[in-house]
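Contents: one structure, followed by commentary.
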Amino acid sequence: MRSIATLLLACAGSALGQNFSLDGNYGSPYPNATYPGFASDNPVAIAGSKSHQTTPPKYPSPWGAGLGEWATAYEKARAFVSQLTLEEKVNLTTGTGWELDRCVGQTGSIPRLGFRAMCLQDSPVGVRYTDYNSVFPAGVNVAATFDRAAAYARGQAMGEEHHGKGVDMQLGPVAGPLGRTPEGGRNWEGFSPDPVLTGVMFAESIQGIQSAGVMTSAKHYIGYEQEHFRLVADSETWGFNIDESGSANLDDETMHELYLWPFADGVRAGAAAVMCSYNQVNNTQACQNSYTMNYLLKGELGFQGFVVSDWIGTRSGVASILAGLDMTMPGDAADYTDGQSFFGANLTVAVLNGTIPAWRLDDMVVRIMAGFYFVERNNTRGPINFSSFTTDTYGYEHSYVGQGWTEVNSHVDVRGEHGRLIRSLGARSTVLLKNVNNTLPLNGKEKLTAVFGNDAGSNLVGPNGCTDRGCDNGTLGAAWGSGSAQFPYLVTPDTAIQNTVLAAGGAYESSLDNGAVDTMGTLARRANASIFFANADSGEWYLEVGGNLGDRNNLTLWQGAEAALEAVAGNCSNTILVLHTTGPVLLEKYKNHPNITAILWAGLPGQESGNSIADVLYGRVNPGAKLPFTIGKDRSDYGTDVLYTPNAPVPQLNFEEGVFIDYRAFDRHNETPTYEFGYGLSYTTFEYSDLSITKMNVSDYVPFSGYTTAATTYGNFSTDPANYLFPANFTRVPMYHYPWLNSTNLTLAAGDPHYALPGFIPAGSQDGTAQPIPKAGGAPGGNPMLYDVLYRVEATITNTGSVTGEEVPQLYISRGGPYDPVKELRGFERLSIQPNSSTTFSVDVTRRDISSWSTVEQDWYVRNTTKKAYVGSSSRNLLLQGLLP
Ligand SMILES: *[C@@H]1O[C@H](CO)[C@@H](O)[C@H](O)[C@H]1NC(C)=O
Ligand SMILES: *[C@@H]1O[C@H](CO)[C@@H](O)[C@H](O)[C@H]1NC(C)=O
Ligand SMILES: *[C@@H]1O[C@H](CO)[C@@H](O)[C@H](O)[C@H]1NC(C)=O
Ligand SMILES: *[C@@H]1O[C@H](CO)[C@@H](O)[C@H](O)[C@H]1NC(C)=O
Ligand SMILES: *[C@@H]1O[C@H](CO)[C@@H](O)[C@H](O)[C@H]1NC(C)=O
Ligand SMILES: *[C@@H]1O[C@H](CO)[C@@H](O)[C@H](O)[C@H]1NC(C)=O
Ligand SMILES: *[C@@H]1O[C@H](CO)[C@@H](O)[C@H](O)[C@H]1NC(C)=O
Ligand SMILES: *[C@@H]1O[C@H](CO)[C@@H](O)[C@H](O)[C@H]1NC(C)=O
Ligand SMILES: *[C@@H]1O[C@H](CO)[C@@H](O)[C@H](O)[C@H]1NC(C)=O
């Protein structure tokens, strides 16, 4: 046996007996009703973020016109819809019911024309609820790549997999939540709290997915920034007593400059659908909010596709439809499998009783079919070859009611070569935060490599052992909720690092139980390199993990990693920390810990997790990713937090901070973060020089003016209820939502006599005459002049190190107004540069990039202020600057 002295020598330079205390500044959950954060000092934001404020009515619902690239899709959609009967139209707007068909959402079909149901399927990381699919890195990882092409490639690969399963619409990508609070449970499904970074990645993902002939539903629209209180049903599960979903109360300027921004990019990129969210906005349901759907989305952003509800996010029929909702999913009314629908027969009745104008129903269906044709779905569509509700080959077509026994799963392998892409994306999204004296890359010649932490190993019940990934056991390759998928395999760090070490002839041991603190310390003393894996998880509110109801309760590490890491780092001066987290965790003490020589953030890398991190650790991939969020020193530094306890029967989520989230808040309040937004190291070094700013010659902004055409109806329909009864001898699937009526008495046909009483019809909602187009509107994405290029900013980036590397130069702009952020990201590019060579970084600055939202004019304008441009390697390392002339 080796002596202690030898053991100590093995971990060369070990901090003998130094037991660095790693305790201290733990985050703590805030049970208080109102988080003691800081408000913005912008009077518009303060005035517009009050409890119980209301949303202004905006009617009628704008009808799609086939603007821009949508012209051909609209021609085809109108031709198709012109052939349909009223019931067939209604069928396309209504889900048949939860677990009543194979996909998580399925519309009715049109048997007369051989048109099968549309299949809508989760998730933003892969095809959910099936097999032989891939699990891709999460959205937050895509953001960390700062690489447009990576976002597109991942989108395309995911689209191909959905296509291969017969899915018509992938439920994603995500730009809401944006990431108002670092604890937000589903932030990782989206990209980044920066609207420009999110907007770019959202648009690329949409185009990638749709290039495979699959529709996207850009989600969740809008103000869905926390899990707590998103739905009454989940509230009851967790013992909260609320009357309605929480309301995001936010002002018009913050809406435009922050939360709506990426949706403008998504609409401009051609998203076939937008999914409205569970929360309320200004105390009206997001799926029933005429201001957000009719005015902002379909009016100002010129959205040509359709709005689909989040699952049981629809809270009414007539009111929601007049406010702009086009499709309800999964079709059920107040709750899953309640056997009732706000659409279906109710929609047929509402058209027959004159409450929903015929043009509105036609617009709903034309929008739906336009989305279908826009992605050229008709040219490629195959059968739905899987069932979400059983993994067996044979099962029920209509699973909830046990009808239609058949082969429901063909187990089609749709993965192609995507594993390679996933491995590369995992490595290229890993952010190197600390690397003292070139600790990394490891050279593979370390005599003994030791790997530590539950997060390095397997989940003992298998990678899919917990429903929808609703546990934190083993390595965290994907977080929990409907944004998950079944792993085809999950390569653990333990396996991948061992493979590398053994191939190089080294010795390898791993210790994967964070409870075994002493054993870990002993192993660390002997190791030449100790690699510690830690994580922090979050997800969707319907599942609870370790007391976290979707949103995280703290910003510290999970799985008991803190004490275990203390033991390892206290015993080995070459301790490398790898983090798999859904968002920021507090790292100040590890940044300052002398024995922790390297820190990497690897996010949620998907199925190739271990291979991806090994590629970075051993230098097969030179890291080039950047933090897509701020890592603060303390939870309170963010100035925003989740509301964990209801502050009213309808929880009021007041976005008092306005646009000051993430780095905008740190800048405004002069807080120094541990690692700033946009930060990330490489194994090489870069120099920035030669800033040049060129003013382009463009004409002045002209607010859009003009009117739409009048609304159109397609085809005729009988107004006699007798024509809409269930066909004779028709065999109904129990619980299914059909467009047909049970009775010629419309009140009886609607089912609920109270519901069928004449309801309130908002003024103007039935008006199909030509309507004014908003000044900021006129085309998908908004007024086209917003996208005019006003400046070109260029700089020279030189690789001054000895290896090829990738760098992400970033352009920040200061708009210069009294309540504007100190600076805002407006452009970036991921460049690969050889040693001793230079590349030009070039960003086109659009009018939108320097504009502000005028709540008075209801339009964008360029404020008369001095505007500055900064180019740097992070949001705080701004190496070059100049004025925008
Ligand atoms: C906030 O919560 C803490 C911990 O539960 C409690 O001690 C404190 O009194 C609360 N403050 C307010 C204002 O309710
Ligand atoms: C919410 O209310 C604020 C304050 O009245 C207003 O500025 C904002 O435009 C409203 N937004 C929506 C979506 O209703
Ligand atoms: C509506 O869809 C259902 C389910 O696909 C189908 O059985 C029914 O025949 C359709 N109705 C019409 C009018 O096409
Ligand atoms: C129509 O909507 C009402 C309100 O939710 C519901 O009670 C009724 O069952 C619905 N009718 C049908 C046929 O689904
Ligand atoms: C028309 O039908 C809809 C759907 O059942 C119902 O909500 C509405 O109150 C009815 N309106 C009238 C005027 O009967
Ligand atoms: C799809 O294309 C085929 C072949 O061109 C055509 O027969 C069919 O009607 C189309 N279906 C739809 C829904 O447009
Ligand atoms: C880095 O290396 C230099 C030169 O070998 C040494 O002086 C310094 O102490 C090292 N720094 C750390 C943090 O180990
Ligand atoms: C799995 O994770 C849960 C919490 O997510 C924990 O309670 C449980 O002990 C873990 N089981 C194993 C075997 O690690
Ligand atoms: C933070 O939350 C995780 C997960 O619930 C838990 O394991 C950890 O102990 C918490 N940290 C602190 C300091 O309470």
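Remark: Ser387 pairs with no residue by the side-chain hydrogen bond (donor to acceptor under 3.5 Å, both in side chains) rule, at least two apart or across chains. For Glu204, there are no side-chain hydrogen bond (donor to acceptor under 3.5 Å, both in side chains) partners at least two apart in sequence or on another chain.
Between Glu99 and Thr337, the side chains place no donor N or O within less than 3.5 Å of an acceptor N or O (distance only, hydrogens not considered). Using a 3.5 Å distance cut-off with no hydrogens or angles, the side chains of Asp252 and Gln858 do pair a donor with an acceptor. Side-chain contact of Thr55 with Asn282: a donor-acceptor pair under 3.5 Å is absent, judged by distance alone. Side-chain atoms of Asn353 and Thr355 form a donor-acceptor pair, as typed in the model, at a separation below 3.5 Å.
With salt bridges taken as basic N to acidic carboxylate O contacts below 4.0 Å, none links Asp859 and Lys775. Salt-bridge annotation for Asp326 and Lys298: present, with a side-chain N of the basic residue lying under 4.0 Å from a carboxylate O of the acidic one. For Arg367 and Asp362, the salt-bridge test fails: no basic side-chain N is under 4.0 Å from an acidic carboxylate O. A salt bridge links Asp265 with Arg848: at least one charged nitrogen is closer than 4.0 Å to a carboxylate oxygen. A salt bridge is absent between Asp310 and Arg230; no separation between the charged side-chain nitrogens and carboxylate oxygens falls under 4.0 Å.
Aromatic ring centroids of Trp70 and Phe374 lie under 6.0 Å apart. Ring pair Phe263/Phe202: centre-to-centre distance below 6.0 Å. In summary, the aromatic rings of Tyr396 and Phe389 are positioned with their centroids too far apart to meet the 6.0 Å limit.
Without hydrogens or angle criteria, Thr93 side chain to Val90 main chain gives a donor-acceptor distance under 3.5 Å. Panel note: side chain Thr198, backbone Pro195; no donor-acceptor pair is recorded below 3.5 Å.
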For Tyr714 and Arg78, what are the C-alpha separation, side-chain angles and deciding distance, and is it a side-chain hydrogen bond (donor to acceptor under 3.5 Å, both in side chains)? CA-CA 7 Å; Tyr714 300 95; Arg78 286 169 177 151; 2.9 Å; yes

Take Tyr373 and Tyr74, measure what ring-ring contact (aromatic ring centres under 6.0 Å, His included) needs, and give me the verdict at the end. CA-CA 8 Å; Tyr373 290 117; Tyr74 263 73; over 10 Å; no

Show the numbers, then the answer: is there a side-chain hydrogen bond (donor to acceptor under 3.5 Å, both in side chains) between Ser277 and Lys219? CA-CA 7 Å; Ser277 51; Lys219 67 186 192 180; over 6 Å; no

Carefully, step by step, assess Phe730 and Tyr738 under the rule ring-ring contact (aromatic ring centres under 6.0 Å, His included). CA-CA 11 Å; Phe730 183 81; Tyr738 289 104; 5.3 Å; yes

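The CZ atom of Phe80 sits 8.5 Å away from atom CG of Asn378, with the distance rounded to the nearest 0.5 Å. With rounding to the nearest 0.5 angstrom, the CG atom of Asp168 is 6.5 Å from the CD1 atom of Ile384. Here the straight-line distance linking atom OG1 of Thr731 with atom CD of Gln403 works out to 9.0 Å at 0.5 Å rounding. Rounded to the nearest 0.5 Å, atoms OG (Ser123) and CE (Met158) are 7.5 Å apart. Separating the OG1 atom in Thr96 from the CG atom in Asp101 is a distance of 3.5 Å, to the nearest 0.5 Å. Between the CG atom of Leu748 and the CG atom of Asn742 there is a distance of 9.5 Å, given to the nearest 0.5 Å.
Using a 30° and 60° split on the angle between ring planes, Tyr224 and His220 fall in the perpendicular class, above 60°. Relative orientation of the His256 and Trp853 rings is parallel, given thresholds of 30° and 60° on the angle between their planes.
For the pair Arg381 and Phe372, the cation does not sit on the ring face, since its NZ or CZ is not both under 6.0 Å from the ring centre and inside 45° of the axis.
At a threshold of 4.5 Å between non-hydrogen side-chain atoms, the residues Gln766 and Ile761 count as touching. Annotation: side chain of Val214 is not in contact with side chain of Met169 (no heavy-atom distance under 4.5 Å).
The ring-ring contact (aromatic ring centres under 6.0 Å, His included) pairs that include a residue from residues 313-334 number zero, where partners must be two or more places apart or lie in different chains.
Residue Glu69 places its CD atom among 12 or fewer non-hydrogen atoms of other residues, nucleotides or ligands, all under 6.0 Å distant.
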